[in-house]
Amino acid sequence: VPRDSHDALAPYLDRFVDSDGMLAYLDGNSLGRPLKATAPRLAAFVEQSWGGRLIRGWDEDWMGLGERVGDRIGASCLGAAAGQTVVGDSTSVLLYKLIHAALRLRPDRRVIVAARDDFPTDRYVVAGIAEERGLELRWVESAAHVDEIAHDVALVLLSAVAYRSGYLADVPALTRLAHDSGALVLWDLCHSVGVVPTELDAWGVDLAVGCTYKYLNGGPGSPAFAYVAEALLPELRQPIHGWLGTDRPFEMGRAYEPADGIRRMLSGTPPVIGMLAMHDMLDLIDEVGLAAIRQKSVALTQYAIELVDARIPDAVLATPRDAGRRGGHITIDHPAFVDAVPRLWEQGVLPDFRAPDGIRLGLSPLSTSYDEVEVGVEAIARAI
Ligand SMILES: *Cc1c(COP(=O)(O)O)cnc(C)c1O
């Protein structure tokens with residue numbers, strides 16, 4: 001395929017670990033591939049940091065790791081100045097903490113807006129909190145359907161890129177809309193961080209969360225990040241009052257006193273090993289630049305759509321054709337896909353199946369070639 005030979009980013013494909021028997025990896029939005037640099041990084045950590053420094057490592061290095069990695073993600077991917085982003089728990093737990101914290105900041109309002117097309121954990125967590133606190137949950141179909149926010153809304157919870165359709169929300173416009181009615185906004189960036197340029201500070205975003213094992217290649221179960229705009233931090237209270245969310249945990253104080261800064265989002269011991277691998281992808285993102293990554297991302301999804309139109313014309317594209325409203329993956333629907341996907345996996349072609357009848361092609365720009373996209377779509381066409 002000539003496209004790879006014209007791709008200025010093609011040389012970076014070689015930075016990723018080869019996977020035996022894999023013809024097309026189309027799931028980089030679900031679990032990013034490891035970089036070759038990651039194995040020596042992990043080995044050095046075991047031998048030098050953990051093995052060499054032992055308990056001293058906490059004071060010397062690890063205790064502040066969540067804040068330091070948070071600042072890195074903020075600078076490289078989020079347009080967030082230092083001191084507002086921290087890495088710690090899973091996305092699900094950070095959603096729980098931030099939704100509670102947001103509701104405390106709007107005590108007189110009793111409505112939360114959320115989207116039916118959002119990822120299950122987002123819907124489950126917000127529904128659980130609404131039930132627990134007796135609040136009204138007002139569902140919209142998707143971020144595309146939000147054109148007004150009522151004055152009784154405390155919080156708007158949306159994903160910047162929808163996990164199934166790939167719809168890319170107009171984050172700055174929807175943030176302004178929420179603010180115009182006095183609501184706070186919490187953006188889930190799981191499917192946009194590392195692939196869609198984002199300017200949280202400039203857009204005035206209040207709160208955000210996101211995964212690190214997708215386009216940030218942190219590895220299975222690597223911890224998520226939370227962002228809290230500086231202006232909200234002094235008042236922000238999250239509900240899990242752990243010792244490591246305080247400024248001086250080793251004073252073993254009588255009562256919880258939240259840390260002054262973003263550290264107050266934390267609760268327990270930082271998942272240090274889980275925060276190592278993402279450094280390699282952040283290094284690579286800094287080397288290439290998010291603008292170039294987004295450019296290739298748009299070209300890859302465009303190419304996938306052209307191939308699907310030509311080779312699987314009876315599949316229905318669930319993703320916007322307008323590149324400006326599309327994230328880094330596409331989803332196509334066809335009743336035969338449910339039976340086709342296990343056979344594709346056996347052949348070494350790895351897309352995602354998304355119920356009820358969708359195939360999701362996640363095209364992580366730095367680790368996916370145009371050739372893989374073609375091999376993948378060709379295999380899907382044959383499999384049905
Ligand atoms: C992947 C993803 C999650 C995953 O949450 P975990 O707590 O890490 O399992 C949550 N929300 C969205 C939108 C996602 O894409």
Side-chain angles (χ1 to χ4, degrees), residues 26-33 66 69-70 73 77-78 85-100 112-129 139-144 155-169 171 174 185-196 198 200 205 207-227 238 240 265-268 270-271 274-275 277-278 281 297 318-319 326-331 351-355 358 360-364:
L26 305 171
D27 227 342
N29 62 325
S30 196
L31 180 65
R33 298 176 67 169
V69 181
I73 295 172
C77 304
L78 305 179
T85 312
V86 72
V87 176
D89 309 294
S90 66
T91 297
S92 302
V93 170
L94 290 176
L95 281 167
Y96 181 84
K97 290 178 169 184
L98 282 180
I99 293 167
H100 265 288
I112 308 170
V113 170
R116 281 189 210 285
D117 76 339
D118 212 339
F119 192 87
T121 218
D122 301 59
R123 291 182 281 111
Y124 301 165
V125 169
V126 76
I129 293 171
W139 293 105
V140 293
E141 239 7 86
S142 80
L155 175 69
V156 180
L157 167 66
L158 294 169
S159 281
V161 171
Y163 84 102
R164 192 181 192 283
S165 72
Y167 176 80
L168 170 59
V171 175
L174 290 170
V185 64
L186 167 50
W187 284 102
D188 187 321
L189 307 177
C190 282
H191 270 90
S192 57
V193 62
V195 71
V196 179
T198 300
L200 296 182
V205 167
L207 307 164
V209 293
C211 286
T212 61
Y213 50 79
K214 291 171 177 166
Y215 295 103
L216 294 184
N217 305 54
S222 65
F225 63 86
Y227 164 92
Q238 57 90 357
I240 304 178
M265 279 306 297
L266 300 180
S267 301
M275 287 189 260
M278 61 185 86
M281 191 59 174
S297 171
T319 302
R326 196 166 72 223
H329 66 273
I330 71 163
T331 292
D352 239 343
F353 180 71
R354 279 293 169 263
R360 192 176 67 166
L361 306 175
L363 311 173
S364 191

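None of these values were measured; they are calculated from a predicted model. Remember, it's 1-based here, ligands and their atoms both numbered in the order they're listed.
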Visitor: Report, in ascending order of atom number, the atoms of ligand 1 lying under 4.0 Å from any heavy atom of His191.
Guide: 15 (O)
Visitor: For Thr331 and Thr319, test the side chains for any donor-to-acceptor distance below 3.5 angstrom and give the result as yes or no.
Guide: no
Visitor: Any side-chain donor paired with an acceptor under 3.5 Å for Ser222 and Thr212?
Guide: yes
Visitor: Are Ala224 and ligand 1 in contact, using a heavy-atom cut-off of under 4.0 Å?
Guide: no
Visitor: Ser92 versus ligand 1: do any nitrogen or oxygen atoms come within less than 3.5 Å of each other?
Guide: yes
Visitor: Under 4.0 Å from a heavy atom of Ser90: which atoms of ligand 1 are those, numbered in the order shown and with their elements?
Guide: 7 (O)
Visitor: What distance do His191 atom NE2 and Arg164 atom CZ have between them, rounded to the nearest 0.5 Å?
Guide: 12.0 Å
Visitor: Counting distance only, does the side-chain N/O of Ser364 pair as donor-acceptor with the main-chain N or O of Gly362 below 3.5 Å?
Guide: no
Visitor: At what distance, to the nearest 0.5 angstrom, does OH of Tyr167 lie from OG of Ser142?
Guide: 6.5 Å
Visitor: Could an N or O of ligand 1 be found under 3.5 Å from any N or O of Ser159, whether backbone or side chain?
Guide: no
Visitor: Nearest non-hydrogen atom to atom 9 (O) of ligand 1 belongs to which of Tyr96, Tyr163, Tyr213, Phe119?
Guide: Tyr213
Visitor: First locate atom CG of Leu26, then atom CG of Asp352, and finally report the distance between them rounded to the nearest 0.5 Å.
Guide: 9.5 Å
Visitor: Tell me, which protein residue and heavy-atom name are nearest atom 14 (C) of ligand 1, and how many Å apart are they?
Guide: Lys214 NZ, 2.8 Å
Visitor: Could you work out, for atom 11 (N) of ligand 1, the closest of Leu158, Thr91, Leu31, Asp122 by heavy-atom distance?
Guide: Asp122
Visitor: Heavy-atom contacts with Cys190 under 4.0 Å: which atoms of ligand 1 show up? List them by number with element.
Guide: 2 (C), 3 (C), 10 (C), 11 (N), 12 (C), 13 (C), 14 (C), 15 (O)
Visitor: Could Lys214 and Phe119 be counted as a cation-pi pair, given that NZ or CZ must be under 6.0 Å from the ring centre and within 45° of the axis?
Guide: yes
